[in-house]
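Read the structure below first, then the notes.
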Amino acid sequence: MASNNLLRDPDPLKPSYLPETLVDRENTVSQLSEFDPSSGRNLLLHGPRGTGKTTFAHHFLQFDDTTTCYISCDQFTTQYQVLKQVYQILTHEEIGTGHHTSDLQRKIEERTGQRPVVLILDEVDFLLLNDGGSLLYYLSRIENRENLSLILISSNHSSLKEQVEERTYSSLQTNRIPFEPYDGETVYQLLKNRAEKALRPQSLHREALGYIASTTQNASQALHWLRVAAENTEQRITEEDVASLKDQAYREYVDHLLQPFTEHHRLVYQAIEELDEENKVDTVNTGAVYQRYQDLCQAYEEESLSNRRISDYLKQLELLNLINVKYYYGGQNGKTREINLIPF
DNA sequence: CATCCACCGGAAATGTTGGGAC
DNA sequence: GTCCCAACATTTCCGGTGGATG
């Protein structure tokens with residue numbers, strides 16, 4: 001890693017950074033500022049990755065006398081794990097596994113009700129792959145419902161209608177708030193704000209930011225890119241610097257997305273990457289990916305997982321918006337999936 | 001119109017880990 | 001310690017899919 005004289009403070013370029021001011025989203029801001037955490041109402045923030053859903057949720061949902069539980073469901077993927085996190089946040093007590101889910105529910109109900117709780121379930125799609133439906137049903141009917149508000153965040157679904165049972169959908173009554181992709185001008189502004197905080201003065205050419213802003217609408221990708229550029233440039237960051245670091249920036253963005261997942265998720269992704277590179281024309285389907293994945297496992301002396309399991313992992317890569325998947329339920333090639341990398 | 005492709009995806013089975021009661 | 005009961009990751013099993021092909 002190059003020595004660094006451009007970076008003054010790396011934090012503003014990190015994914016977890018919460019800016020004091022947010023780039024223009026007036027409609028969203030007004031809808032969120034009307035949100036009352038003691039109303040028992042629920043929100044669904046939906047839109048593509050890198051549109052600021054998580055940041056907005058954190059920024060606007062700090063209330064006095066209200067406990068906020070933020071849980072990212074790419075790490076906590078089952079009802080039990082989410083409830084466990086909620087319990088730990090509410091009570092600061094550790095709790096193990098091995099209890100009944102209903103025990104955990106009862107313990108939590110004893111703790112809620114005194115004051116409002118806002119529960120943010122980010123990446124809720126991953127929860128819904130498992131028993132998230134049961135969790136949402138339970139939460140929608142919990143005692144003292146008016147003291148619990150849910151903020152669900154999804155990058156893949158603009159409504160829960162198809163994702164949960166009818167009875168859950170109707171009792172949740174979510175207010176849906178869309179996040180449209182940023183336009184180039186806004187991405188530019190956002191990068192500029194962060195760069196001013198993170199970098200020393202005179203660290204970059206404006207064309208460098210312009211290049212990033214015209215290439216991606218995904219703010220998360222853009223910020224990873226800017227950070228990589230700052231870390232790997234000695235003098236002023238130029239448009240050429242940025243352009244030549246494009247692949248590495250995307251690599252680090254992918255690593256960041258895959259970080260909560262297993263080594264096998266990364267191997268499956270690598271398998272798709274390799275096949276994608278070798279096969280510019282031919283389509284890649286599930287069997288080829290599994291075959292290549294097994295080869296990689298052998299190369300790294302890892303025990304490979306079953307194809308049934310990898311089928312689920314592919315679904316998760318799809319939810320991370322790393323791959324495009326077209327499903328064939330029979331036909332010329334039988335029942336399979338056609339898989340493509342999503343290009344930067 | 002029967003057969004085949006090649007895997008989908010639900011469900012049951014298996015194995016591991018941890019908890020509480022005795 | 002022993003026993004039983006959870007949660008959870010993973011494997012095993014298998015019925016099913018629908019256009020292409022002959």
Side-chain angles (χ1 to χ4, degrees), chain A residues 71-89 91-111 121 123-139 156-157 162-166 168 258-269 271-272 275-276 279 282-298 300-320 322-340:
Chain A
I71 294 170
S72 188
C73 303
D74 53 0
Q75 302 176 59
F76 305 100
T77 57
T78 66
Q79 164 165 222
Y80 189 89
Q81 288 170 5
V82 168
L83 290 172
K84 186 174 147 185
Q85 281 303 110
V86 171
Y87 183 80
Q88 287 181 184
I89 292 170
T91 66
H92 306 287
E93 288 170 34
E94 290 290 316
I95 193 167
T97 176
H99 302 276
H100 296 204
T101 300
S102 55
D103 279 0
L104 207 41
Q105 292 176 339
R106 189 175 38 72
K107 282 175 194 284
I108 285 173
E109 280 174 63
E110 287 167 6
R111 295 297 197 292
L121 296 178
E123 301 284 4
V124 70
D125 301 333
F126 292 90
L127 185 61
L128 293 171
L129 286 181
N130 302 317
D131 57 355
S134 317
L135 175 66
L136 293 185
Y137 182 69
Y138 162 72
L139 292 174
N156 294 281
H157 305 293
E162 310 297 322
Q163 311 305 317
V164 298
E165 287 177 45
E166 180 57 38
T168 308
L258 287 176
Q259 186 268 324
F261 294 86
T262 68
E263 197 52 40
H264 289 276
H265 286 87
R266 288 182 267 278
L267 288 174
V268 173
Y269 182 78
I272 299 169
L275 291 171
D276 184 80
N279 269 343
D282 278 341
T283 59
V284 178
N285 56 16
T286 318
V289 171
Y290 186 62
Q291 185 62 55
R292 178 59 62 96
Y293 157 78
Q294 284 183 306
D295 295 346
L296 286 173
C297 283
Q298 200 159 26
Y300 292 116
E301 294 180 9
E302 289 250 2
E303 206 62 30
S304 64
L305 298 172
S306 68
N307 60 357
R308 179 66 186 82
R309 192 84 191 108
I310 295 309
S311 174
D312 287 342
Y313 284 17
L314 283 171
K315 184 74 200 172
Q316 292 172 333
L317 294 183
E318 188 186 355
L319 290 180
L320 287 173
L322 290 176
I323 57 176
N324 271 323
V325 180
K326 194 172 170 190
Y327 290 76
Y328 291 92
Y329 293 95
Q332 187 175 13
N333 301 312
K335 197 178 188 180
T336 186
R337 276 179 276 194
E338 195 180 299
I339 297 160
N340 288 296

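Just so it is clear: chains get the letters A, B, ... in the order the sequence lines come, proteins before strands, and each one is counted from 1. It should be emphasised that the depicted structure is a prediction, and the values quoted were computed from it without experimental measurement.
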**Asked** When the distance from CD1 of A/Ile310 to P of C/dA9 is rounded to whole Å, what number comes out?
**Response** 14 Å

**Request:** Sort out for me which residue in A/Leu314, A/Leu322, A/Asn340 forms a side-chain contact (heavy atoms from CB on, under 4.5 Å) with A/Ile272.
**Result:** A/Leu314

**Prompt:** To the nearest Å, how far apart are A/Leu305 CG and C/dC8 C1'?
**Reply:** 14 Å

**Asked** When you look at A/Leu317 and A/Ile339, which way does the side-chain contact (heavy atoms from CB on, under 4.5 Å) test go after all the steps?
**Response** CA-CA 11 Å; A/Leu317 294 183; A/Ile339 297 160; over 6 Å; no

**Prompt:** Roughly how many Å is it from CG in A/Leu104 to C1' in C/dC5, rounded to a whole number?
**Reply:** 16 Å

Are there any protein N/O atoms within less than 3.5 Å of an N/O atom in nucleotides 4-9 of chain B, and if so, which ones and at what distance?
| residue | atom | partner | partner atom | Å |
| --- | --- | --- | --- | --- |
| B/dC5 | O2 | A/Gly331 | O | 3.2 |
| B/dA6 | O4' | A/Asn333 | O | 3.3 |
| B/dA6 | N3 | A/Lys335 | N | 2.8 |
| B/dC7 | OP1 | A/Gly287 | N | 3.2 |
| B/dC7 | O5' | A/Gly287 | N | 3.4 |
| B/dC7 | O4' | A/Lys335 | O | 2.9 |
| B/dC8 | OP1 | A/Thr286 | OG1 | 2.8 |
| B/dC8 | OP1 | A/Arg337 | NE | 2.6 |
| B/dC8 | OP1 | A/Arg337 | NH2 | 3.0 |
| B/dC8 | O2 | A/Lys335 | NZ | 2.9 |
| B/dG9 | OP1 | A/Tyr329 | OH | 2.7 |
| B/dG9 | N7 | A/Arg308 | NE | 3.3 |

**Request:** State, with a plain yes or no, whether a side-chain heavy atom of A/Glu165 is found less than 4.5 Å away from one of A/Tyr137.
**Result:** no

**Request:** Would you kindly give the CG-to-C1' distance between A/Leu135 and C/dA7, to the nearest whole Å?
**Result:** 15 Å

**Asked** Please walk me through it: do A/Phe261 and A/Phe126 pass ring pair (Phe, Tyr, Trp, His ring centres under 6.0 Å)?
**Response** CA-CA 11 Å; A/Phe261 294 86; A/Phe126 292 90; 5.5 Å; yes

**Asked** In whole Å, what is the span from the CD atom of A/Gln79 to the P atom of C/dA6?
**Response** 15 Å

**Prompt:** Do you know which of A/Gln105, A/His99, A/Glu93, A/Lys107 makes side-chain hydrogen bond (donor to acceptor under 3.5 Å, both in side chains) with A/Tyr87?
**Reply:** A/Glu93

**Fill in**
Whole-Å distance, A/Ile95 CD1 to C/dA7 P, equals 12 Å

**Request:** For residues A/Glu338 and A/Tyr328, report the shortest heavy-atom separation together with the two atoms involved.
**Result:** OE1-OH, 2.8 Å

**Complete:** In short, A/Leu296 meets A/Leu267 closest at the heavy-atom pair CD1-O, 3.5 Å

**Item:** Phosphate OP1/OP2 of C/dT11 contacted by A/Ser306 side-chain N/O (<4.0 Å)
**Value:** yes

**Asked** Any side-chain N or O of A/Thr78 less than 4.0 Å from the OP1 or OP2 oxygen of C/dC8?
**Response** yes

**Message:** For C/dA7 and A/Thr101 - does any side-chain N or O of the residue sit under 4.0 Å from the phosphate oxygens OP1/OP2?
**Reply:** yes

**Item:** Atom-pair distance (OH on A/Tyr80; P on B/dT17), nearest Å
**Value:** 17 Å

**Complete:** Here the distance between atom P of B/dG20 and atom CZ of A/Arg106, to the nearest Å, is 12 Å

